[in-house]
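Okay, so here's the structure we're looking at.
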Amino acid sequence: MEDVLFWADSKARKITEREKFHYIDKDIPEFDKLTIKTSASISGVLHIGRLSDTIRADSVCIALQEAGYDVELIWVAEDMDPLRKIPEGVPQKFEEYIGMPVTSIPDPWGCHSSYAEHHVSPYFEVIQEFVRTDIKGYSMREEYTSGNFTHYIKEILENQNQAIEILNRYRQKPIPQGYSPFVPICENCGKIITTRVDKYEEGKVYYSCQDYKFEKYTAKGCGHIGIADPLKDMGKLMWKSEWAAQWARWRVVSEGAGKEYIVPMSAWWVNSEIAEKILGFPMPVPIFYEHLMINGEKMSASLGNVVYPKDWLEVAPAQLLRFFYNKKLMKTRSFSWQELPRLYDDYDNHARVYFDLEKVGSEKELKHMRRLYEISQLDTAEKPNPLPFSHAAMVASVYKEKDDIISSLEKSGHYREEMEEYILRRVEYARVWFEKYAPEIKSFLIDDLNEVREKLSEEQIRFLGKLGKVVSSSDMSGEELQQKIYEIAQELEVPLKAAFQSIYLVTLGKAYGPKAGMFLASLPRKWVIKRLEEAAS
RNA sequence: GGGCCCGUAGCUCAGUCUGGCUAGAGCACCGGCCUUUUAAGCCGGGUGUCGCGGGUUCAAAUCCCGUCGGGCCCGCCA
């Protein structure tokens with residue numbers, strides 16, 4: 001049997017070769033199709049970090065499919081979750097909805113049927129662009145409403161004592177009396193987090209609606225005292241048992257989970273035990289992964305570093321994010337906009353290896369690189385792009401017109417007619433990246449000429465003086481300026497390199513910079529004239 | 001108290017799972033070339049106690065044990 005090098009293939013093998021349940025001595029049942037679940041809580045921000053779960057689940061789907069199995073990828077909107085904070089852009093008066101299921105809250109923007117729907121529908125549409133497998137979507141709210149979970153609620157309630165026994169083994173303080181794994185929605189105010197169950201008796205939960213404190217906001221309870229029937233009334237299972245019920249309901253064989261679930265006391269293992277011992281369904285094969293970091297920080301709305309899927313698609317294709325996530329599973333993936341060009345280079349390198357255009361040290365590494373590239377594709381594998389992203393950014397920063405871009409690329413040898421679309425697409429990705437995320441390379445003009453004065457040679461000073469006169473005498477376009485620079489350098493017999501360097505030195509303080517004519521033309525003319533005169537004096 | 005990840009060139013990392021050529025890449029850096037692509041290109045240069053200490057082995061960056069440093073995480077939430 002061939003060695004399995006790629007993590008998704010090894011997960012696939014684990015899924016198909018396991019024989020026994022994890023906690024009990026029972027045989028794994030037959031599955032006519034293998035279902036992998038991915039989901040997202042709607043109370044949070046749907047950024048690209050959430051795609052990690054989905055993309056990785058998709059990779060395992062692909063691996064299984066290629067191994068000859070029928071697969072299904074499902075995405076579940078955890079929309080019975082209560083709203084726990086007021087996100088940016090949402091009116092402060094929505095504070096009254098804190099604690100209410102996101103599906104019961106009106107859309108603050110008024111364009112969808114609910115708060116949840118407003119976030120779910122665009123997100124669900126965009127995630128399909130990042131995966132190869134067709135995703136089937138579900139809503140927990142609908143699941144509960146249509147009674148698909150009633151059976152599991154019943155099972156768990158009937159085995160209440162065993163459930164409590166399991167839960168207790170995972171906690172320091174035992175479960176208080178009157179505990180119910182089912183939490184009702186308050187029949188009076190419609191909130192779900194505020195209903196405190198006081199007792200569970202003869203198939204009914206007795207609750208009172210009390211304040212619940214989230215990190216920042218408090219869900220106000222209405223004080224209502226009520227009785228709910230878990231099999232009839234609206235409500236949901238607690239997280240520790242709901243997950244188990246979800247696995248059983250969709251016959252999930254594998255699901256992704258953040259690395260925080262690896263710890264022995266986490267909800268993953270509690271749910272697994274409940275699923276196996278109470279619901280008779282085997283623990284899925286976990287796909288634990290590290291979280292995405294951006295600039296070494298967690299991605300969060302409060303830090304203002306959130307990247308949405310559509311932001312990503314403006315600067316890079318979906319394949320690139322797939323590649324990023326597929327590279328490694330258990331390794332902190334830190335991303336920053338600054339390193340996007342490097343990610344592109346890495347991707348291009350894998351493409352060249354995939355198409356046999358580049359050699360790699362070991363056979364092992366070669367296989368791994370090919371598999372990684374292949375699984376990161378959406379349909380047919382993209383041919384290696386001859387245009388490095390950093391160069392694309394440079395070209396985009398100087399030229400706007402298609403013809404200018406092509407002629408520049410022809411001269412630099414990055415152009416292939418048969419790949420024109422792919423190449424130009426990259427220039428446009430690079431343009432957005434350059435304009436939105438790379439202000440730091442857009443140059444910092446030095447404030448004080450004295451920083452670099454010593455570095456200027458006699459001939460450079462002469463050159464700058466002449467250039468200053470020319471600039472002040474007439475208002476020229478970037479192209480004309482570029483031409484003048486050559487002419488002046490020739491006239492004064494200053495080597496071109498020295499001439500260009502002197503321009504960058506007195507502006508950016510560095511020996512290099514963007515195409516000089518365009519660059520100077522883009523700066524305030526008065527400033528340029530003053531600076532050149534200063535340099536020459 | 002416990003778990004996971006990381007520690008390899010100046011920087012960012014690959015290579016570790018599955019031990020095997022002289023430990024690699026990109027960037028940066030140094031030297032050279034380029035009179036109309038000066039954030040570009042071409043040629044040449046590797047700058048290293050693979051965190052540290054043991055062990056296993058013919059062979060260790062890779063496996064095992066220990067240790068130090070950094071990051072993240074262990075709920076009555078989901």
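Chain letters run A, B, ... following the sequence lines, proteins first, then strands; residues in each count from 1. Values below: every heavy atom of this structure, side chains too, minus hydrogens, waters and symmetry copies.
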Using whole Å, report how far [atom1] of [X] lies from [atom2] of [N].
{"X": "A:Asp346", "N": "B:C27", "atom1": "CG", "atom2": "P", "result": "13 Å"}
{"X": "A:Phe182", "N": "B:A78", "atom1": "CZ", "atom2": "P", "result": "13 Å"}
{"X": "A:Ile175", "N": "B:C77", "atom1": "CD1", "atom2": "C1'", "result": "14 Å"}
{"X": "A:Trp268", "N": "B:A78", "atom1": "CH2", "atom2": "P", "result": "18 Å"}
{"X": "A:Ile485", "N": "B:U36", "atom1": "CD1", "atom2": "P", "result": "15 Å"}
{"X": "A:Glu255", "N": "B:A78", "atom1": "CD", "atom2": "P", "result": "16 Å"}
{"X": "A:Phe324", "N": "B:A14", "atom1": "CZ", "atom2": "C1'", "result": "15 Å"}

In terms of side-chain heavy atoms of [X], which of [options] is nearest?
{"X": "A:Phe500", "options": "B:A40, B:U38, B:C76", "value": "B:U38"}
{"X": "A:Val263", "options": "B:G3, B:C77, B:U35", "value": "B:G3"}
{"X": "A:Met265", "options": "B:C76, B:U35, B:C74", "value": "B:C74"}
{"X": "A:Gln483", "options": "B:U35, B:U36, B:A78", "value": "B:U36"}
{"X": "A:Lys259", "options": "B:G71, B:G3, B:A78", "value": "B:G71"}
{"X": "A:Asp81", "options": "B:A78, B:C76, B:C73", "value": "B:A78"}
{"X": "A:Asp345", "options": "B:G71, B:G26, B:C73", "value": "B:G26"}
{"X": "A:Pro264", "options": "B:C76, B:G3, B:U38", "value": "B:G3"}
{"X": "A:Phe214", "options": "B:C4, B:C77, B:A78", "value": "B:C77"}
{"X": "A:Tyr212", "options": "B:C77, B:G3, B:A78", "value": "B:C77"}

Describe the nucleic acid contact of [X] in one word from base, sugar-phosphate, nothing, applying a heavy-atom distance below 4.0 Å.
{"X": "A:Arg171", "value": "sugar-phosphate"}
{"X": "A:Tyr179", "value": "nothing"}
{"X": "A:Met80", "value": "nothing"}
{"X": "A:Lys497", "value": "base"}
{"X": "A:Gln482", "value": "sugar-phosphate"}

Donor-acceptor pair present, A:Tyr261 side chain and B:A78 base, under 3.5 Å: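 Donor-acceptor pair under 3.5 Å: yes.
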What does B:G1 pair with, Watson-Crick or G-U, if both distances are under 3.5 Å?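 Looking at the geometry, B:G1 pairs with B:C74.
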With a 3.5 Å limit on both atom pairs, tell me what B:C63 is paired to, counting Watson-Crick and G-U wobble, or say none.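 B:G55 is the nucleotide pairing with B:C63.
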When A:Tyr261 is tested against each of A:Trp268, A:Trp243, A:Trp269 for ring-ring contact (aromatic ring centres under 6.0 Å, His included), which residue passes?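 Of the listed residues A:Trp268, A:Trp243, A:Trp269, the ring-ring contact (aromatic ring centres under 6.0 Å, His included) partner of A:Tyr261 is A:Trp243.
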Flag the pair [X] and [Y] as a salt bridge only when some basic side-chain nitrogen lies within less than 4.0 angstrom of an acidic carboxylate oxygen.
{"X": "A:Asp211", "Y": "A:Lys220", "answer": "yes"}
{"X": "A:Glu165", "Y": "A:Arg169", "answer": "yes"}
{"X": "A:Glu78", "Y": "A:Arg50", "answer": "no"}

Would you confirm whether the ring centroid of A:Tyr344 sits within less than 6.0 angstrom of the ring centroid of A:Trp433?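 Ring-ring flag for A:Trp433/A:Tyr344: false, centres at least 6.0 Å apart.
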Checking A:Lys199 against A:Tyr206: charged group under 6.0 Å from the ring centre and within 45 degrees of the axis?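 Because its charged atom sits under 6.0 Å from the ring centre and within 45° of the axis, A:Lys199 does stack over A:Tyr206.
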Axial cation check for A:Tyr138 ring with A:Arg249, 6.0 Å and 45° limits: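 Judged by the rule, A:Arg249 and A:Tyr138 form a cation-pi pair.
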When you match A:Lys173 and A:Pro495 each to their closest nucleotide on RNA chain B, which lands nearer the 5' end?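 Final value for this comparison: A:Pro495.
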Residue closer to the 5' end of RNA chain B, A:Leu237 versus A:Tyr170 (nearest nucleotide):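 Looking at RNA chain B, the more 5' nearest nucleotide goes with A:Tyr170.
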Give a yes/no on whether any side-chain N or O of A:Tyr415 is located under 4.0 angstrom from OP1 or OP2 of B:U37.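 A:Tyr415 to B:U37 OP1/OP2: no side-chain N or O under 4.0 Å.
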Can A:Tyr486 be said to stack with the base of B:U36, given centres closer than 5.5 angstrom and planes under 30 degrees apart?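 Aromatic stack with B:U36 present for A:Tyr486.
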